[in-house]
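The shown structure was predicted, so the numbers you read here are calculated from the model rather than taken from an experiment. By convention in this document, chain letters (A, B, ...) are assigned in the order of the sequence lines, proteins followed by strands, and residues within each chain are numbered from 1.
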2 protein chains.
Amino acid sequence: MASIREVAKAAGVSVGSISRYLNGQQLKATNMEKIKKAIDDLGYQENIIAKGLKNNKSFSVGLLMNNISSRLSMDIVSSIEEVMENAGYSILLSGFEGSPERAVNKIDYLISHAVDGLIIFEADKSWPGMAKLANVKVPVISLNNPSDLPNVDTVLVDDRGSVRRLISHLIAQGHHHIGIITAPQSDYTARERLAGVHEAVRDHPDVKVSTFYGDYSRPSGFEGAQQLINRHIDALFVCNFNMSLGALEYCNRAGVRIDQDLSFSHFDYLDEMSNLISNRLVIQQPAKEIGGMCAERLLDRINHQAKDVGSTFIFDNLIVGLGDDQNAINKPKIITKS
Amino acid sequence: MASIREVAKAAGVSVGSISRYLNGQQLKATNMEKIKKAIDDLGYQENIIAKGLKNNKSFSVGLLMNNISSRLSMDIVSSIEEVMENAGYSILLSGFEGSPERAVNKIDYLISHAVDGLIIFEADKSWPGMAKLANVKVPVISLNNPSDLPNVDTVLVDDRGSVRRLISHLIAQGHHHIGIITAPQSDYTARERLAGVHEAVRDHPDVKVSTFYGDYSRPSGFEGAQQLINRHIDALFVCNFNMSLGALEYCNRAGVRIDQDLSFSHFDYLDEMSNLISNRLVIQQPAKEIGGMCAERLLDRINHQAKDVGSTFIFDNLIVGLGDDQNAINKPKIITKS
DNA sequence: CTGAAAGCGCTTACAG
DNA sequence: CTGAAAGCGCTTACAG
């Protein structure tokens, strides 16, 4: 790896000139040519790490995730990566697999790696040690879980509202016994989704709800569908994509035909599947939008000391089958801390 | 962010002593105590970036992926991350979304970020510009695609052999018309899987194969299942997880009962689903194993200048339903370049 | 426009 | 055991 010094020698100019050239300043035309040639000859590649040392930047941001291998995580990572990389930043990816202690340790770890900003996906503010985020000097954004800290922005999706809307629709369609497969209530998102169900049925004493508590796995979706269908539900709502696959497997195996025998709705990732399953209500999370929002907000805070630090941005889900406006989810509600 | 210099001042020792302390050397006991106190008081956190400048290490490795949001990618990322992070390395994640030009550019990008090593997932050696990998000074590992370069190790899975074995089993069971939903043949992995099918039927002129070319999407799996089932296949094999979900959707919608009406086999990610779908043949990729192998091999090459650079490591898949030995996949075949 | 010099946070021979 | 100094690859006032 040739350094700036070697390039300077080869070009017959000072290292300062090389640096200026690399940063787009105008130099004497003949010098610029000599430098260009030297760079090509030596195959010089700049060292962004060294560059950052001087101005205390690393051009990298930390992305700390609860569970790297969840379906939603991947879409989030990929949308964040796209925005960040266009801006010349790289992503330091780290997972804590549901463990609060690991989450807290990895915050230090990423800080040690001198990240310029931090996005934390699905970490709960109540975990012991999370409060130290308040002392982090770089911008922090909490994704999918609220945070009270004054230096932390929050990006959320209104899962509660979406589920309420979906269940209300099922009730309006005349369903009387709705089965719910939910995720562990230790998770904020899972609580919100179940709360949406309860809000929807509150004023409908004639509607019965049966709930199965799954663990995010496909087998638990399978078992949940089995138990609930045996209790003669007329509609099934699955609060998580992976579990919905298990439920689908059960339906196939038991010969339960979706739409005909049972109304089936769930969270999903559509990739144009929507036209094939148009009789079905599907909640589609705006993964790309929230990821992009996080990335852009973080860049804003890194580069321009954005105003209203500590704001919350709330996105809507798209409910396929309810005639939602695809574009609506692009405009988050913004709540500014007063 | 307090620096080593401030700690030195607070502790009344030289910066060299702080550095030595941080790196685990023995100092005079009283000094160690003073340093420890100073570090705690100032909330000092080491700057790994600066540390690396001196010894030309960044304690980060680049992970360049074809498609970050594929199901397999995330399992790979997560297993690599686990090994790397235990060794004190962070992961710089980058995606090229199937675009050869982006892949080539991002190699430079990661090198600029001074990674200590590089793992490239599903990039084809034949792409223009990929040859420059030969000039990369840090260790490189190619995952899921072979590489001829002398400085590049390769980690592969024997998809061809697994598919051959699976299809042979279907034939032995008496199936005569096998439907295949395959992925675009521009991808190495897709070609290998289809080659496995053809190897299996080569000696069975009585067996008919019908092939549908999908595009990895669920809708294409749906459509493939529809077309093939209309051609009266008695077994269906789907070469990709996502497309198998679409096929499953079609079966449900068309009232085709898997196992009873149609033998259904495919690539999958099981999370203990295997006991629920035990009549079905499922190819499970050793994502954790290949990811871990990549990470460990890379660390080996970074830290010990490993022997036999340029080797190929080939793992087996596990075929659920064929009584495979779970442990067998942990031992890759190793081909050393002569 | 450009060179010489100081400095970013750290490490590591070299003396003592 | 420990301090002073040089240096990793770069940037940036400061002079000229």
By side-chain hydrogen bond (donor to acceptor under 3.5 Å, both in side chains), which residues pair with B/N144, not counting sequence neighbours?
-> B/E122

B/S3 meets the side chain to side chain contact (heavy atoms under 4.5 Å, CB included) criterion, sequence neighbours left out, with B/R5, B/E6

By ring-ring contact (aromatic ring centres under 6.0 Å, His included), which residues pair with B/Y109, not counting sequence neighbours?
-> B/H113

Sugar-phosphate or base contact per nucleotide [nucleotides 8-16 of chain D; S, B, -; heavy atom under 4.0 Å] = BBSBBB---

Mind checking side-chain hydrogen bond (donor to acceptor under 3.5 Å, both in side chains) for B/E85 and listing every partner two or more places apart, or none if nothing turns up?
-> A/S94, A/K106

Going by distance alone, is a donor N or O of one side chain under 3.5 Å from an acceptor N or O of the other, for A/D124 and A/S126?
-> yes

B/F96 meets the ring-ring contact (aromatic ring centres under 6.0 Å, His included) criterion, sequence neighbours left out, with B/W127

Taking the same atom, C1', in D/dT12 and in D/dG16, what whole-Å distance lies between them?
-> 16 Å

All salt bridge (charged side-chain N to carboxylate O under 4.0 Å, His left out) counterparts of A/D300, not counting sequence neighbours | none

Which pairs pass ring pair (Phe, Tyr, Trp, His ring centres under 6.0 Å) with one or both residues in residues 38-65 of chain B, sequence neighbours excluded?
-> B/F59-B/Y89

In chain order, what residues pass the side-chain hydrogen bond (donor to acceptor under 3.5 Å, both in side chains) check against B/R20, with sequence neighbours excluded?
-> none

Dot-bracket notation for DNA chain C is requested: 5' to 3', Watson-Crick or G-U wobble pairs only, both distances under 3.5 Å, with ( ), [ ], | and . as defined.
-> |||.||||||||.|||

Those residues at least two apart in sequence (or on a different chain) that pass side chain to side chain contact (heavy atoms under 4.5 Å, CB included) with B/E82 are B/N86, B/K288

The correct set of residues in residues 26-40 of chain B placing a heavy atom under 4.0 Å from DNA chain D is B/L27, B/K28, B/N31

